[in-house]
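Just so you know, these numbers use all the heavy atoms, side chains as well, and skip hydrogens, waters and symmetry mates.
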2 protein chains.
Amino acid sequence: MEKMRSDCPISCSLDIFGDKWSLLIIRDIMLREKVSYSEFLNSEEKIASNILVNRLNALEAEKILIKEVSAKNKSRFIYSLTQKGADLLPVIIEMMDWGAKYNANSPRKELGKKIQKDKTAVIKELSKELKKKIR
Amino acid sequence: MEKMRSDCPISCSLDIFGDKWSLLIIRDIMLREKVSYSEFLNSEEKIASNILVNRLNALEAEKILIKEVSAKNKSRFIYSLTQKGADLLPVIIEMMDWGAKYNANSPRKELGKKIQKDKTAVIKELSKELKKKIR
DNA sequence: AACTTGTACTTGCAAAACGCAAGAACAAAT
DNA sequence: ATTTGTTCTTGCGTTTTGCAAGTACAAGTT
(Lines give C-alpha, C1' and ligand atoms only; values in the text may rest on other atoms or scores of the structure.)
Protein backbone atom coordinates (compact mmCIF):
# COMPACT_ATOMS: atom_id res chain seq x y z
CA MET A 1 0.00 0.00 0.00
CA GLU A 2 1.17 3.51 -0.74
CA LYS A 3 -0.21 5.43 2.20
CA MET A 4 -2.21 3.98 5.04
CA ARG A 5 -4.46 6.38 6.83
CA SER A 6 -4.09 4.57 10.15
CA ASP A 7 -3.41 1.22 11.77
CA CYS A 8 -7.10 0.51 12.30
CA PRO A 9 -7.93 -2.78 10.53
CA ILE A 10 -11.20 -1.34 9.24
CA SER A 11 -9.39 1.67 7.81
CA CYS A 12 -6.74 -0.62 6.29
CA SER A 13 -9.44 -2.69 4.64
CA LEU A 14 -11.12 0.41 3.24
CA ASP A 15 -7.77 1.64 1.91
CA ILE A 16 -7.76 -1.50 -0.24
CA PHE A 17 -11.36 -2.08 -1.30
CA GLY A 18 -13.19 1.01 -0.08
CA ASP A 19 -14.73 2.05 -3.38
CA LYS A 20 -17.77 1.29 -5.47
CA TRP A 21 -16.17 -1.29 -7.78
CA SER A 22 -13.54 -3.54 -6.20
CA LEU A 23 -15.96 -5.73 -4.27
CA LEU A 24 -18.19 -6.12 -7.33
CA ILE A 25 -15.30 -7.65 -9.25
CA ILE A 26 -14.65 -9.96 -6.31
CA ARG A 27 -18.35 -10.81 -6.20
CA ASP A 28 -18.24 -11.71 -9.91
CA ILE A 29 -15.42 -14.17 -9.35
CA MET A 30 -16.73 -15.46 -6.06
CA LEU A 31 -20.39 -15.95 -6.80
CA ARG A 32 -20.90 -15.64 -10.52
CA GLU A 33 -18.18 -17.79 -12.06
CA LYS A 34 -16.76 -14.84 -13.98
CA VAL A 35 -13.04 -14.98 -14.60
CA SER A 36 -12.05 -12.64 -17.43
CA TYR A 37 -11.82 -8.97 -18.26
CA SER A 38 -14.64 -9.08 -20.81
CA GLU A 39 -16.93 -10.93 -18.43
CA PHE A 40 -16.39 -8.31 -15.73
CA LEU A 41 -16.90 -5.58 -18.30
CA ASN A 42 -20.30 -7.00 -19.21
CA SER A 43 -21.63 -7.17 -15.67
CA GLU A 44 -24.93 -5.45 -15.14
CA GLU A 45 -23.39 -2.50 -13.29
CA LYS A 46 -21.41 -1.50 -16.40
CA ILE A 47 -18.00 -0.60 -15.10
CA ALA A 48 -15.91 1.63 -17.39
CA SER A 49 -13.01 -0.17 -19.06
CA ASN A 50 -10.30 2.11 -17.68
CA ILE A 51 -11.59 1.70 -14.14
CA LEU A 52 -11.80 -2.05 -14.58
CA VAL A 53 -8.15 -2.22 -15.66
CA ASN A 54 -7.18 0.04 -12.79
CA ARG A 55 -8.99 -2.09 -10.19
CA LEU A 56 -7.77 -5.40 -11.57
CA ASN A 57 -4.20 -4.13 -11.35
CA ALA A 58 -4.73 -2.80 -7.84
CA LEU A 59 -6.30 -6.04 -6.63
CA GLU A 60 -3.53 -8.01 -8.25
CA ALA A 61 -0.92 -5.78 -6.61
CA GLU A 62 -2.59 -6.45 -3.27
CA LYS A 63 -2.45 -10.17 -3.99
CA ILE A 64 -6.19 -10.50 -3.75
CA LEU A 65 -6.36 -11.72 -7.33
CA ILE A 66 -3.86 -13.43 -9.56
CA LYS A 67 -3.77 -13.14 -13.34
CA GLU A 68 -2.74 -16.03 -15.59
CA VAL A 69 -2.86 -16.79 -19.29
CA SER A 70 -5.69 -19.10 -20.23
CA ALA A 71 -4.53 -22.58 -21.20
CA LYS A 72 -7.07 -22.77 -24.00
CA ASN A 73 -6.66 -19.30 -25.48
CA LYS A 74 -3.32 -17.57 -25.19
CA SER A 75 -4.80 -14.12 -25.74
CA ARG A 76 -7.12 -14.52 -22.78
CA PHE A 77 -6.32 -13.86 -19.14
CA ILE A 78 -7.93 -15.68 -16.24
CA TYR A 79 -8.30 -13.91 -12.91
CA SER A 80 -8.55 -16.10 -9.80
CA LEU A 81 -8.89 -15.39 -6.11
CA THR A 82 -6.00 -15.99 -3.75
CA GLN A 83 -6.64 -17.12 -0.19
CA LYS A 84 -6.52 -13.46 0.79
CA GLY A 85 -9.23 -12.70 -1.75
CA ALA A 86 -11.35 -15.70 -0.85
CA ASP A 87 -11.24 -14.61 2.78
CA LEU A 88 -13.36 -11.64 1.79
CA LEU A 89 -16.31 -14.02 1.47
CA PRO A 90 -17.74 -13.18 4.93
CA VAL A 91 -17.58 -9.46 4.13
CA ILE A 92 -19.41 -10.05 0.85
CA ILE A 93 -22.03 -12.24 2.50
CA GLU A 94 -22.70 -9.73 5.26
CA MET A 95 -23.04 -6.90 2.75
CA MET A 96 -25.39 -9.04 0.72
CA ASP A 97 -27.52 -9.76 3.77
CA TRP A 98 -27.68 -6.11 4.78
CA GLY A 99 -28.41 -4.94 1.24
CA ALA A 100 -31.21 -7.46 0.84
CA LYS A 101 -32.71 -6.54 4.21
CA TYR A 102 -32.81 -2.82 3.57
CA ASN A 103 -33.39 -2.52 -0.13
CA ALA A 104 -36.86 -3.17 -1.44
CA ASN A 105 -35.55 -3.48 -4.98
CA SER A 106 -33.21 -6.33 -4.20
CA PRO A 107 -35.43 -9.26 -3.22
CA ARG A 108 -33.69 -12.34 -1.88
CA LYS A 109 -33.11 -15.12 -4.35
CA GLU A 110 -31.84 -18.63 -3.58
CA LEU A 111 -28.58 -17.55 -1.98
CA GLY A 112 -30.19 -14.64 -0.18
CA LYS A 113 -32.70 -16.93 1.49
CA LYS A 114 -30.05 -19.43 2.48
CA ILE A 115 -28.11 -16.59 4.08
CA GLN A 116 -31.19 -15.52 5.99
CA LYS A 117 -31.69 -19.04 7.32
CA ASP A 118 -28.13 -19.93 8.23
CA LYS A 119 -25.39 -17.47 7.37
CA THR A 120 -22.63 -19.49 8.99
CA ALA A 121 -23.52 -22.60 7.01
CA VAL A 122 -23.52 -20.65 3.74
CA ILE A 123 -20.11 -19.19 4.47
CA LYS A 124 -18.73 -22.60 5.41
CA GLU A 125 -20.12 -24.24 2.28
CA LEU A 126 -19.04 -21.53 -0.18
CA SER A 127 -15.67 -21.27 1.49
CA LYS A 128 -15.16 -24.96 0.78
CA GLU A 129 -16.09 -24.46 -2.87
CA LEU A 130 -13.77 -21.49 -3.19
CA LYS A 131 -10.87 -23.43 -1.76
CA LYS A 132 -10.90 -25.63 -4.85
CA LYS A 133 -10.41 -22.67 -7.16
CA ILE A 134 -7.90 -20.73 -5.13
CA ARG A 135 -4.55 -19.87 -6.64
CA MET B 1 -31.07 6.72 -3.45
CA GLU B 2 -30.61 8.69 -6.60
CA LYS B 3 -29.50 6.07 -9.06
CA MET B 4 -28.97 2.42 -8.27
CA ARG B 5 -26.53 0.64 -10.50
CA SER B 6 -28.39 -2.66 -10.23
CA ASP B 7 -30.66 -4.73 -8.01
CA CYS B 8 -27.79 -6.75 -6.60
CA PRO B 9 -27.81 -6.34 -2.81
CA ILE B 10 -24.02 -6.03 -2.74
CA SER B 11 -24.13 -3.30 -5.37
CA CYS B 12 -26.96 -1.56 -3.45
CA SER B 13 -24.88 -1.64 -0.28
CA LEU B 14 -21.88 -0.20 -2.09
CA ASP B 15 -24.06 2.55 -3.56
CA ILE B 16 -24.68 3.65 0.03
CA PHE B 17 -21.40 3.11 1.87
CA GLY B 18 -18.93 2.18 -0.87
CA ASP B 19 -16.33 4.83 -0.15
CA LYS B 20 -13.35 5.36 2.10
CA TRP B 21 -15.12 7.31 4.84
CA SER B 22 -18.71 6.28 5.57
CA LEU B 23 -17.87 3.09 7.43
CA LEU B 24 -15.22 4.88 9.49
CA ILE B 25 -17.87 7.24 10.83
CA ILE B 26 -20.06 4.27 11.61
CA ARG B 27 -17.11 2.56 13.29
CA ASP B 28 -16.56 5.67 15.45
CA ILE B 29 -20.13 5.58 16.70
CA MET B 30 -20.32 1.81 16.97
CA LEU B 31 -17.02 0.98 18.64
CA ARG B 32 -15.49 4.20 19.88
CA GLU B 33 -18.29 6.00 21.65
CA LYS B 34 -17.96 9.01 19.38
CA VAL B 35 -21.17 10.91 18.75
CA SER B 36 -20.44 14.41 17.46
CA TYR B 37 -19.08 16.22 14.44
CA SER B 38 -15.94 17.41 16.21
CA GLU B 39 -15.19 13.96 17.57
CA PHE B 40 -15.42 12.44 14.10
CA LEU B 41 -13.28 15.26 12.75
CA ASN B 42 -10.53 14.45 15.22
CA SER B 43 -10.36 10.75 14.42
CA GLU B 44 -6.90 9.52 13.56
CA GLU B 45 -7.68 9.22 9.84
CA LYS B 46 -8.25 12.99 9.59
CA ILE B 47 -11.31 13.32 7.40
CA ALA B 48 -11.76 16.73 5.74
CA SER B 49 -14.56 18.79 7.21
CA ASN B 50 -16.52 19.20 3.98
CA ILE B 51 -16.43 15.47 3.34
CA LEU B 52 -17.52 14.77 6.90
CA VAL B 53 -20.55 17.04 6.53
CA ASN B 54 -21.35 15.45 3.19
CA ARG B 55 -21.19 11.90 4.59
CA LEU B 56 -23.13 12.69 7.74
CA ASN B 57 -25.90 14.17 5.60
CA ALA B 58 -25.86 11.19 3.24
CA LEU B 59 -25.96 8.68 6.08
CA GLU B 60 -28.74 10.62 7.73
CA ALA B 61 -30.68 10.73 4.45
CA GLU B 62 -30.31 6.94 4.22
CA LYS B 63 -31.63 6.67 7.77
CA ILE B 64 -28.48 4.97 8.96
CA LEU B 65 -27.85 7.79 11.41
CA ILE B 66 -30.11 10.25 13.11
CA LYS B 67 -29.11 13.71 14.25
CA GLU B 68 -30.48 15.33 17.39
CA VAL B 69 -29.67 18.39 19.47
CA SER B 70 -27.74 17.55 22.61
CA ALA B 71 -29.77 17.91 25.78
CA LYS B 72 -26.84 19.41 27.65
CA ASN B 73 -25.55 21.78 25.00
CA LYS B 74 -27.96 23.25 22.48
CA SER B 75 -25.22 24.10 20.00
CA ARG B 76 -24.08 20.49 19.84
CA PHE B 77 -25.55 17.74 17.71
CA ILE B 78 -25.54 14.08 18.66
CA TYR B 79 -25.46 11.45 15.94
CA SER B 80 -26.85 8.02 16.81
CA LEU B 81 -27.27 4.79 14.89
CA THR B 82 -30.68 3.60 13.80
CA GLN B 83 -31.47 -0.10 13.64
CA LYS B 84 -30.46 0.03 9.98
CA GLY B 85 -27.11 1.48 10.96
CA ALA B 86 -26.57 -0.89 13.85
CA ASP B 87 -27.22 -3.79 11.49
CA LEU B 88 -23.96 -2.91 9.77
CA LEU B 89 -22.15 -4.33 12.77
CA PRO B 90 -21.44 -7.72 11.12
CA VAL B 91 -19.99 -5.97 8.06
CA ILE B 92 -17.73 -3.89 10.27
CA ILE B 93 -16.64 -6.91 12.31
CA GLU B 94 -15.82 -8.95 9.21
CA MET B 95 -13.83 -6.10 7.71
CA MET B 96 -12.00 -5.74 10.99
CA ASP B 97 -11.18 -9.43 11.06
CA TRP B 98 -9.93 -9.42 7.47
CA GLY B 99 -7.92 -6.26 7.93
CA ALA B 100 -6.26 -7.58 11.05
CA LYS B 101 -5.47 -10.90 9.38
CA TYR B 102 -3.82 -9.37 6.33
CA ASN B 103 -2.23 -6.23 7.59
CA ALA B 104 0.97 -6.53 9.56
CA ASN B 105 0.61 -2.95 10.80
CA SER B 106 -2.74 -3.54 12.46
CA PRO B 107 -2.10 -6.02 15.27
CA ARG B 108 -5.15 -7.37 17.07
CA LYS B 109 -6.06 -5.71 20.33
CA GLU B 110 -8.68 -6.83 22.81
CA LEU B 111 -11.62 -6.76 20.42
CA GLY B 112 -9.58 -8.21 17.58
CA LYS B 113 -8.62 -11.21 19.64
CA LYS B 114 -12.16 -11.78 20.80
CA ILE B 115 -13.26 -11.72 17.16
CA GLN B 116 -10.62 -14.27 16.31
CA LYS B 117 -11.83 -16.59 19.05
CA ASP B 118 -15.57 -16.31 18.58
CA LYS B 119 -16.87 -13.88 16.01
CA THR B 120 -20.50 -14.82 16.49
CA ALA B 121 -20.33 -14.22 20.22
CA VAL B 122 -18.76 -10.80 19.70
CA ILE B 123 -21.45 -9.79 17.25
CA LYS B 124 -24.18 -11.01 19.56
CA GLU B 125 -22.74 -9.19 22.55
CA LEU B 126 -22.06 -5.89 20.79
CA SER B 127 -25.40 -6.04 19.06
CA LYS B 128 -27.05 -6.22 22.46
CA GLU B 129 -25.07 -3.18 23.62
CA LEU B 130 -25.94 -1.22 20.51
CA LYS B 131 -29.62 -1.94 20.94
CA LYS B 132 -29.60 0.20 24.06
CA LYS B 133 -28.34 3.24 22.17
CA ILE B 134 -30.38 2.89 19.02
CA ARG B 135 -32.67 5.69 17.96
C1' DA C 1 -3.83 -13.86 -47.62
C1' DA C 2 -7.38 -10.74 -46.30
C1' DC C 3 -11.02 -10.14 -43.14
C1' DT C 4 -13.61 -10.51 -39.08
C1' DT C 5 -14.11 -11.48 -34.24
C1' DG C 6 -12.73 -11.65 -29.53
C1' DT C 7 -9.97 -10.05 -25.83
C1' DA C 8 -7.44 -6.74 -23.31
C1' DC C 9 -6.26 -2.58 -22.88
C1' DT C 10 -5.26 2.98 -23.84
C1' DT C 11 -6.34 7.74 -24.60
C1' DG C 12 -8.70 12.11 -24.35
C1' DC C 13 -11.72 14.91 -22.20
C1' DA C 14 -15.43 16.46 -19.19
C1' DA C 15 -17.64 15.81 -14.67
C1' DA C 16 -17.56 14.56 -9.96
C1' DA C 17 -15.22 13.63 -5.71
C1' DC C 18 -11.61 14.65 -2.67
C1' DG C 19 -8.07 17.33 0.21
C1' DC C 20 -6.56 21.42 2.22
C1' DA C 21 -6.86 25.96 4.15
C1' DA C 22 -9.52 29.51 5.61
C1' DG C 23 -13.53 31.58 7.37
C1' DA C 24 -18.51 32.16 9.06
C1' DA C 25 -22.45 31.50 12.28
C1' DC C 26 -23.84 31.06 16.67
C1' DA C 27 -24.35 29.25 21.48
C1' DA C 28 -21.94 28.89 25.83
C1' DA C 29 -18.44 30.12 29.04
C1' DT C 30 -15.39 33.68 31.15
C1' DA D 1 -17.27 42.15 25.56
C1' DT D 2 -14.28 38.55 24.43
C1' DT D 3 -13.00 33.99 23.95
C1' DT D 4 -13.96 29.18 23.19
C1' DG D 5 -16.35 25.31 21.27
C1' DT D 6 -19.06 23.37 17.75
C1' DT D 7 -20.93 22.90 13.26
C1' DC D 8 -20.72 23.90 8.73
C1' DT D 9 -19.33 26.66 4.25
C1' DT D 10 -16.34 28.36 0.57
C1' DG D 11 -12.66 28.51 -2.67
C1' DC D 12 -9.38 26.24 -5.23
C1' DG D 13 -6.37 22.83 -6.95
C1' DT D 14 -5.73 17.75 -7.45
C1' DT D 15 -7.37 13.22 -8.15
C1' DT D 16 -10.70 9.95 -9.47
C1' DT D 17 -14.42 8.67 -12.20
C1' DG D 18 -17.40 8.20 -16.42
C1' DC D 19 -17.97 8.00 -21.21
C1' DA D 20 -16.66 7.49 -26.00
C1' DA D 21 -13.49 6.23 -29.09
C1' DG D 22 -9.48 3.97 -30.66
C1' DT D 23 -5.32 0.58 -30.54
C1' DA D 24 -2.93 -3.98 -30.40
C1' DC D 25 -2.86 -8.48 -31.36
C1' DA D 26 -4.10 -13.48 -31.40
C1' DA D 27 -7.37 -16.71 -33.32
C1' DG D 28 -10.77 -18.10 -36.35
C1' DT D 29 -13.16 -17.57 -41.17
C1' DT D 30 -13.52 -17.16 -46.16
field: Phosphate OP1/OP2 of D:dG18: any A:Trp21 side-chain N/O under 4.0 Å
entry: yes

- request: To the nearest 0.5 angstrom, please state how far the CD1 atom of B:Ile10 sits from the CG atom of A:Asn103.
  value: 13.0 Å

query: For the rings on B:Phe17 and A:Trp98, is their centre-to-centre separation under 6.0 Å?
result: yes

message: Using OP1 and OP2 only, check whether a side-chain N or O of B:Arg76 sits under 4.0 Å from C:dA28.
response: no

message: Is there a side-chain contact between B:Arg55 and the phosphate of C:dA17, meaning an N or O under 4.0 Å from OP1 or OP2?
response: no

field: Distance below 4.0 Å between A:Ser38 side-chain N/O and C:dA8 OP1 or OP2
entry: yes

field: Cation-pi geometry met for A:Lys67 and A:Phe77 (6.0 Å, 45°)
entry: yes

- prompt: Checking only heavy atoms, does the side chain of A:Ser49 share a donor-acceptor pair with the base of C:dT10 at less than 3.5 Å?
  reply: yes

field: Options C:dA27, D:dA27, D:dT17, nucleotide nearest the side-chain atoms of A:Asp19
entry: D:dT17

Closest to side chain of B:Ala48, choosing from C:dG19, D:dC19, D:dA27: C:dG19

statement: Against the side chain of A:Ile51, the closest entry in D:dT9, D:dT17, D:dC19 is D:dT17

query: Taking only side-chain nitrogens and oxygens of A:Lys67, does any of them come within less than 4.0 Å of OP1 or OP2 of C:dC9?
result: yes

task: Counting heavy atoms from C-beta on, name the nucleotide in C:dC18, C:dA8, D:dG18 closest to the side chain of A:Asn50.
output: D:dG18

- prompt: Counting heavy atoms not belonging to A:Lys72, are there more than 12 under 6.0 Å from its NZ?
  reply: no

statement: Side-chain contact check for A:Asn73: nearest option of D:dA27, C:dT10, D:dG5 is D:dA27

query: Quick one: bend of the helix from C:dA1-D:dT30 to C:dT30-D:dA1 from 5 pairs per end, to 10°?
result: 0°

- prompt: Where the side chain of A:Tyr37 is concerned, which of C:dA8, C:dA27, D:dT9 is the nearest nucleotide?
  reply: C:dA8

query: In whole angstroms, how far is the P atom of C:dG19 from the CD atom of B:Glu45?
result: 12 Å

